[in-house]
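Reading through the structure tokens given below for one structure.
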Amino acid sequence: TNWKIVPNTPYPTSITIRPNASADIYVEHATTTTSEQVQVTRTITKKIQDKTIGTATQTLSFTRNQVTDTVTGQPTYTDPISQYPEIDVSYTGYIPTTDKGSIINKDGKYYLAAANAETDSTGKPINTNVTVSYTADQNVKFTQVVNYMNGTTNVGSFSISGNAGETVNDVTKQIEDHVPTNYEIVPNTKVISTITFGNENPDPVNVQVQPKQTPVDPNKDPQNQIRQ
């Protein structure tokens, strides 16, 4: 039981009984084959440093054969007949790397490459977890525009540039240093102090300014007026 004659092995089809006669017949473990429905997933976790910025899931569903050794009960499996397709993992301003598989750069985008389903020690397909990590692309700059507004009139602008994820800490000083000539920031105006760039240009910042006012020496101007 549970054994079979090795295919294409010659063996006698008749036996003449005589003393001490023998015949060798070669056998091997028998197997049974059943079809198996498989559904597995590839879960992609996207991270910048230790922060998760998104996930994506791909699902594979296919049929393949399970071959079971009837002597040992050990199953084996045919190779997967399907694979996960490549998937776009681009994130503007960043370069991705992965802990499983490979990253392909084509047509200005980054893709996690197509891959077969992962298998366990017996060859059975299992779910796959992949981490894609991002680092800032030093060749891509983002721009923060600062507008100086006198009421609703733009009297000047300047910009601050940085890489994705970069923090600029001296923003207040830069804004004060770039106030247009003959203008000053309206007193008590709250001015941003830092900028942390994301993966797109931030909205412009408007700073209210007014014509610079110069006090007049009261000894030279009896009315002690303030001239603009």
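Residue numbers run from 1 in the order of the sequence given. These numbers come from the heavy atoms of this one structure, side chains and all, not from hydrogens, waters or symmetry mates. Just so you know, these numbers come straight off a predicted model, no measurement behind them.
- To the nearest 0.5 Å, the span separating OG1 on Thr70 from CG on Asn2 amounts to 4.0 Å.
- Listed by chain and residue number, nothing satisfies the salt bridge (charged side-chain N to carboxylate O under 4.0 Å, His left out) test with Asp69 (two or more places apart in sequence, or in another chain).
- Judged as a salt bridge (Lys or Arg N to Asp or Glu O under 4.0 Å), not a single pair has a partner in residues 178-204 (not counting sequence neighbours).
- Thr76 places a side-chain N or O within 3.5 Å of a backbone atom of Val67 that can act as its donor or acceptor partner.
- Counting only heavy atoms from C-beta outward, the side chains of Pro211 and Asn150 approach each other to under 4.5 Å.
- Counting heavy atoms from C-beta on, the side chains of Val207 and Ile175 come closer than 4.5 Å.
- A donor-acceptor contact shorter than 3.5 Å links the side chain of Asn154 to the backbone of Gly156.
- Checking side-chain atoms of Asn127 against main-chain N and O of Thr41 turns up a donor-acceptor pair under 3.5 Å.
- Every residue two or more places apart in sequence or in another chain was checked for a side chain to side chain contact (heavy atoms under 4.5 Å, CB included) with Ser121, and none qualifies.
- Listed by first and then second residue, the salt bridge (Lys or Arg N to Asp or Glu O under 4.0 Å) pairs involving residues 88-110 are Glu86-Lys106, Asp88-Lys109, Lys100-Glu118 (not counting sequence neighbours).
- With contacts defined as side-chain heavy-atom distances shorter than 4.5 Å, the pair Ser133/Thr131 qualifies.
- The same ILVMFWY cluster, assembled from side-chain heavy atoms under 4.5 Å apart, contains both Val171 and Val205.
- Contact of the Phe62 side chain with the Pro125 side chain is registered, since non-hydrogen atoms from C-beta on lie closer than 4.5 Å.
- Through direct or indirect side-chain contacts shorter than 4.5 Å among Ile, Leu, Val, Met, Phe, Trp and Tyr, Ile44 is connected to Ile48, Ile53, Ile87, Val89, Tyr91, Tyr94, Ile95, Ile103, Tyr110, Leu112, Val130, Val132, Tyr134.
- Sorted by first and then second residue, the ring pair (Phe, Tyr, Trp, His ring centres under 6.0 Å) pairs with a member in residues 18-39 read Trp3-His29; sequence neighbours excluded.
- Val186 is not connected to Val191 by any chain of hydrophobic side-chain contacts under 4.5 Å among Ile, Leu, Val, Met, Phe, Trp and Tyr, and they are in different clusters.
- Within the structure, salt bridge (Lys or Arg N to Asp or Glu O under 4.0 Å) contacts touching residues 32-61 (residues at least two apart or in different chains) are Glu36-Arg64.
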* To do: With side chain to side chain contact (heavy atoms under 4.5 Å, CB included) as the test, would you mind laying out the steps for Val38 and Val40 before giving the verdict?
  => CA-CA 7 Å; Val38 178; Val40 289; 4.0 Å; yes
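- Listed by first and then second residue, the side-chain hydrogen bond (donor to acceptor under 3.5 Å, both in side chains) pairs that reach into residues 158-170 are Lys141-Asn163, Thr167-Thr196, Asp170-Gln174, sequence neighbours excluded.
- Taking all atoms of both residues into account, the shortest heavy-atom contact from Ala136 to Ala164 is CB-O, 3.3 Å.
- Annotation: side chain to side chain contact (heavy atoms under 4.5 Å, CB included) contacts of Ser61 (sequence neighbours excluded): Gln39, Thr59.
- Hydrophobic clustering places Ile195 together with Val140 (ILVMFWY residues linked when any side-chain heavy atoms are closer than 4.5 Å, directly or through intermediates).
- For residues 145-186, the pairs satisfying ring pair (Phe, Tyr, Trp, His ring centres under 6.0 Å) are Phe158-His178, with sequence neighbours left out.
- Separating the CG atom in Asn206 from the CE atom in Met149 is a distance of 5.5 Å, to the nearest 0.5 Å.
- Formation of a donor-acceptor pair under 3.5 Å by the Gln208 side chain with backbone atoms of Thr189 is not found in this model.
- Membership of an apolar cluster is not assigned to Val145, as no side-chain contact below 4.5 Å to another ILVMFWY residue is traced.
- Residue Thr172 holds its OG1 atom at 8.5 Å from CD1 of Ile185, rounded to the nearest 0.5 Å.
- Of all the heavy atoms in Tyr84 and Ala117, the pair that sits closest is CE1-CA, 3.9 Å.
- For Asn201 (side chain) and Thr143 (main-chain N/O), a donor-acceptor pair under 3.5 Å exists by modelled atom type.
- Looking at every heavy atom in both residues, Gln83 comes nearest to Ala115 through CB-O, 3.2 Å.
- Atom-to-atom distance recorded for Gln66:CD and Thr32:OG1 is 8.0 Å, nearest 0.5 angstrom.
- Lys173 pairs by the salt bridge (charged side-chain N to carboxylate O under 4.0 Å, His left out) definition with Asp177, not counting sequence neighbours.
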